[in-house]
Every structure is written in C-alpha cells, then in structure tokens.
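Below is one structure, written out as structure tokens; the observations come after it.
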Amino acid sequence: MKIMISGGGTGGHIYPALALLDTLKQRHPNLEVLYIGTENGLEADLVPRAGVPFKSIRIAGLKRSLSLDNVKTAYWFVQSVLMLRKEMKTFRPDVVIGTGGFVSGPVVFTAQQLGIPTILHEQNSIPGLTNKFLSKKADRVALSFAGSESQFPDANVRVIGNPRGSEVLKTTVNEAAVRAEYGIDERPIVLIYGGSRGAEAINRAVIEAIPELASEPVNVLYVTGNVHYDNVVAKAPKADNVHVLPYVYDMPELLACASLVVSRAGASTISELTALGLPSILIPSPYVTADHQTKNASALVESGAAELIKEGDLTGESLVRSIRHVLAHHDEMAAASKRLGFPHAAESLADLVEEVRG
Ligand SMILES: CC(=O)N[C@H]1[C@@H](OP(=O)(O)OP(=O)(O)OC[C@H]2O[C@@H](n3ccc(=O)[nH]c3=O)[C@H](O)[C@@H]2O)O[C@H](CO)[C@@H](O)[C@@H]1O
C-alpha cells in the first residue's frame with residue numbers, strides 16, 4: 001500500500017499522522033509513505049526523526065483580513081499543486097490523508113483533482129478552515145470529538161478520536177529507568193508544558209511558582225518550548241525538584257509516568273490525557289481560531305477530569321493552588337479522564353484507510 005500524508009505547523013497536526021502511520025505499518029509491513037510538509041513547520045524536524053520520507057512544499061495560511069500576503073499564498077498554492085500533481089503521478093498513492101494545518105490544503109486538494117481517495121482527520125472540536133474547505137470532496141472525514149458533525153457532509157463523517165491517544169497507550173515504559181534518566185525521585189511527577197511550541201503565559205506563571213513548588217512533595221518536569229528555553233533558564237529560580245527542558249521527543253514515556261499534567265488544551269494533548277486517564281490543569285490558548293481550545297477542554301472540565309484556568313487568571317499563586325487541589329482529588333479526576341478516552345482511534349482511522357482504498 002502507498003500512502004501520501006500531510007499535516008503540519010504544530011505537533012497537534014503531526015503526531016496523529018505519525019500514530020496512524022505506525023498502525024498502518026503494523027498491518028502492511030511493505031507500506032510506502034511520503035509525508036508532505038513545509039520546511040519551517042515542526043514537521044521538518046519530527047517526521048524525518050521518525051524515519052518517515054519527507055518532502056516539503058512552500059505554502060502559508062490565508063489571512064482572514066484583506067492582505068497582499070494572500071496573493072503570495074495563492075501563488076504558492078498554485079505552484080504547490082503543480083509540483084504535487086507530478087509527485088502524485090510518480091508516487092501513485094492509494095490514499096491521500098490530511099491531518100490539518102494549512103500545508104495539508106494543496107496536498108488533499110491535488111489528490112481530489114486527480115481522483116485519488118482522500119481522508120481528513122480533524123483534531124479539534126471546532127473544525128479548522130482547511131478541513132472544512134476540503135471536506136466536500138473527501139471520501140471520509142474523521143472527527144476526534146462528537147459535536148461538529150453538522151459542519152461536514154453527513155454520509156462521510158465518522159467520530160473516531162485521535163490516533164495519538166491510542167499511541168501513548170501502547171507505549172511500554174520502564175518508570176524506574178525514566179526517573180533515573182531525568183534524575184528524579186519517587187514523589188509524584190507534575191508534567192508542565194505549553195503545547196508543542198511552548199506558551200509564554202505558562203512560562204511566566206511557572207517561573208513565579210517555582211519558589212512555592214520547591215517545597216511541595218512533587219517532582220516538576222517543566223517543558224518550556226524550544227524558542228523560550230534560554231530565556232526561561234536565565235529567569236527561573238533554581239529548585240532541586242524542578243527540572244527545566246526545552247522540548248521532549250518522547251512525550252508518551254513521560255506522560256505514562258506523570259500524575260498530573262498542566263498544559264494548553266491542544267487537541268492531541270487532550271487525546272493523550274484521556275487515553276491514559278490523567279488528571280489535568282488546562283490553560284486554553286486564547287489566540288487560536290474560534291477559541292477552539294476552550295471547547296476542546298470543555299468535556300474534561302464538565303466531567304471533573306480537569307480544572308480550567310483562563311490565561312487571564314493564571315498566576316504563580318493560582319497555579320500552585322490548582323496543583324495542590326488536583327493532587328488531593330487525583331483518583332476521582334483520573335477515573336473521569338479515562339472515561340473520555342478513545343483507546344482505539346488509530347485502529348479506527350486505519351480501518352477508514354482500508355475502506356476508501358477499495
Ligand atoms: C497554538 C496552536 O495553534 N495550537 C493548536 C495546535 O497545538 P499544539 O501542537 O500545541 O497542541 P496539541 O496539544 O494538539 O499537540 C501537541 C503534541 O505535542 C506533544 N509534545 C509537546 C511538547 C513537547 O515537548 N513534546 C511533545 O511531544 C504533545 O504530547 C502532543 O502530542 O494543534 C492542535 C491540534 O490541531 C490544536 O488543538 C491547537 O489549538
């Protein structure tokens with residue numbers, strides 16, 4: 001089987017694609033894959049690192065307001081389609097899959113023009129522009145959350161969850177080895193990160209909270225995001241139980257050992273938390289389209305799996321208070337989280353690939 005797949009910009013669009021590829025590879029040991037991304041998205045790092053063949057195109061997102069940049073984007077779109085037509089005629093994929101982010105736009109569009117079966121995976125509870133645009137001609141639209149079905153053509157929509165959730169569930173972890181690797185003792189692990197690219201507001205609050213966290217009975221693994229790391233290290237007070245990291249390539253390993261996660265409410269993160277049954281403190285990014293992270297977080301908050309702190313209310317003090325509160329209610333929150341998971345999402349998405357391949 002031959003698969004062309006595209007999704008990028010941030011980890012939330014890339015990891016679900018990589019998780020699907022893993023499952024397909026188990027089913028089809030001779031699977032051939034070509035991943036299309038951009039040079040400056042996180043995919044240019046993560047995809048080759050995962051051993052998946054990668055080619056880049058030049059494309060940007062459309063601005064929602066009138067802007068000359070949109071003329072440039074339209075030009076790149078046309079150039080990308082021309083290049084992708086050639087690529088697809090040579091590679092001859094059986095199915096083309098888009099996991100979101102603007103880069104997947106020209107890839108899935110070109111496949112639809114050439115009559116190649118296409119599948120979209122939507123991670124968020126409020127669909128992205130690219131997926132809405134592509135859905136009319138897609139053979140299947142796979143959703144991570146129930147609730148946005150009405151925004152897509154009926155017959156082809158399936159609610160299956162997010163493959164990244166099933167992937168973290170499959171990870172086998174030697175917790176003692178992980179603790180030794182990070183130099184941490186047997187106390188519970190609080191894992192803090194601001195999505196795949198880090199978040200300044202979370203970094204500010206954690207730096208403020210460190211003097212208090214230093215005397216809490218926990219280990220804090222705090223991931224700043226690559227671009228923020230040097231700045232955070234320069235400003236953060238030192239504490240023996242707080243370990244500062246720029247980016248974690250093996251997040252499933254850390255998630256499996258954590259007792260509590262503090263993070264943005266990106267869709268792939270939500271799928272990981274609920275697959276593993278982890279309690280969380282979620283600080284939705286207010287800078288995303290249609291405030292979709294607040295909507296992503298809502299089922300967890302309403303069912304008692306997560307506490308929500310609005311970015312405007314986030315301080316070192318509110319963060320420490322919330323960490324204490326969640327750890328005190330850990331077990332019931334963990335059970336509530338687990339009830340929301342889609343443990344078989346990767347298998348379900350792989351089934352859709354088999355279905356449309358014919
Ligand atoms: C600012 C922005 O546009 N955010 C969007 C982006 O988020 P973003 O990529 O930040 O968020 P997600 O939570 O969906 O995914 C992050 C992924 O990166 C992993 N990870 C994170 C940090 C790290 O050091 N190592 C690591 O592996 C996490 O485990 C997770 O699998 O895509 C998501 C999925 O469409 C959306 O819901 C978010 O709103």
Side-chain angles (χ1 to χ4, degrees), residues 7-20 22 37 41-43 45-47 49-50 61 98-104 120-132 142-145 148 161-169 171 182 191-203 221-229 232 243-258 261-276 278 280 282-298 300 306 311 345-346:
T10 62
H13 295 298
I14 304 161
Y15 286 116
L18 295 177
L20 170 66
D22 269 353
L42 203 51
E43 62 274 20
D45 177 19
L46 299 183
V47 175
R49 210 179 253 277
T99 58
F102 49 78
V103 65
S104 63
L120 304 172
H121 182 260
E122 173 58 62
Q123 295 86 41
N124 291 295
S125 50
I126 300 179
L129 275 183
T130 307
N131 276 351
K132 265 165 78 176
L143 303 184
S144 302
F145 299 97
S148 58
N162 181 326
R164 173 68 170 182
S166 356
E167 189 183 32
V168 297
L169 209 51
T171 308
Y182 287 92
L191 176 59
I192 306 181
Y193 60 98
S196 57
R197 292 183 167 259
E200 227 176 299
I202 296 182
N203 288 340
L221 287 180
Y222 163 37
V223 190
T224 62
N226 274 329
V227 293
H228 304 287
Y229 181 72
V232 169
H243 305 265
V244 187
L245 309 160
Y247 189 84
V248 172
Y249 285 100
D250 200 349
M251 199 52 117
E253 177 183 86
L254 287 189
L255 286 165
C257 303
V261 169
V262 177
S263 87
R264 286 295 197 200
S268 290
T269 296
I270 301 270
S271 75
E272 294 162 347
L273 299 174
T274 53
L276 291 166
L278 271 169
S280 56
L282 300 174
I283 305 126
S285 167
Y287 313 108
V288 299
T289 318
D291 196 23
H292 68 242
Q293 291 203 356
T294 301
K295 187 84 196 299
N296 287 347
S298 62
L300 282 76
E311 184 173 296

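As the structure lists them, so they are numbered: ligands from 1, and atoms in each ligand from 1. The structure displayed is predicted, hence computed values, not measured ones. Values reported hereafter were calculated over all heavy atoms of this structure, with side chains retained and with hydrogens, waters and symmetry mates removed.
At least one N/O-N/O distance between Thr10 and ligand 1 falls below 3.5 Å. On a distance-only criterion, Gly11 and ligand 1 share at least one N/O pair closer than 3.5 Å. For ligand 1, the polar-atom distance check finds no N/O of Met251 at less than 3.5 Å from any of the ligand's N/O atoms. Checking only distances, Asn124 does come within under 3.5 Å of ligand 1, N or O to N or O. Distances between N or O atoms of Ala265 and those of ligand 1 include no value under 3.5 Å. Note: an N/O pair closer than 3.5 Å links Ser268 and ligand 1 by distance alone.
The closest donor-acceptor contact from the side chain of Ser280 to the backbone of Leu282 lies at 3.5 Å or more, if one exists at all.
Protein heavy atom closest to atom 1 (C) of ligand 1, with residue, atom name and distance, is Val288 CG1, 3.8 Å. Of the protein's non-hydrogen atoms, the one nearest atom 13 (O) of ligand 1 is Thr269 OG1, 2.5 Å. Among protein heavy atoms, atom 10 (O) of ligand 1 sits closest to Ser196 N, 2.9 Å. Annotation: atom 20 (N) of ligand 1 to nearest protein heavy atom, Tyr247 OH, 3.9 Å.
The heavy atom nearest to atom 29 (O) of ligand 1, considering only Gln293, Arg197, Glu272, is found in Glu272.
Proximity of Tyr15 to ligand 1, defined as any heavy-atom pair under 4.0 Å, is confined to the side chain (atoms from C-beta onward). Residue contacts with ligand 1, taken as heavy atom pairs separated by less than 4.0 Å, do not involve Arg264 at all. Counting heavy atoms closer than 4.0 Å to ligand 1, residue Ile270 contributes nothing at all.
Around atom CD of Glu200, no more than 12 heavy atoms belonging to other residues, nucleotides or ligands sit under 6.0 Å away.
Annotation: side chain of Tyr249 is in contact with side chain of Asp45 (closest heavy-atom distance under 4.5 Å).
For ligand 1, the atoms closer than 4.0 angstrom to any heavy atom of Val223 are 24 (O).
Judged purely by distance below 3.5 Å, without hydrogens or angles, the side chains of Asn162 and Ser268 pair a donor atom with an acceptor atom.
Exactly one residue among Glu272, Gln123, Arg164 makes a side chain to side chain contact (heavy atoms under 4.5 Å, CB included) with Tyr15. That residue is Arg164.
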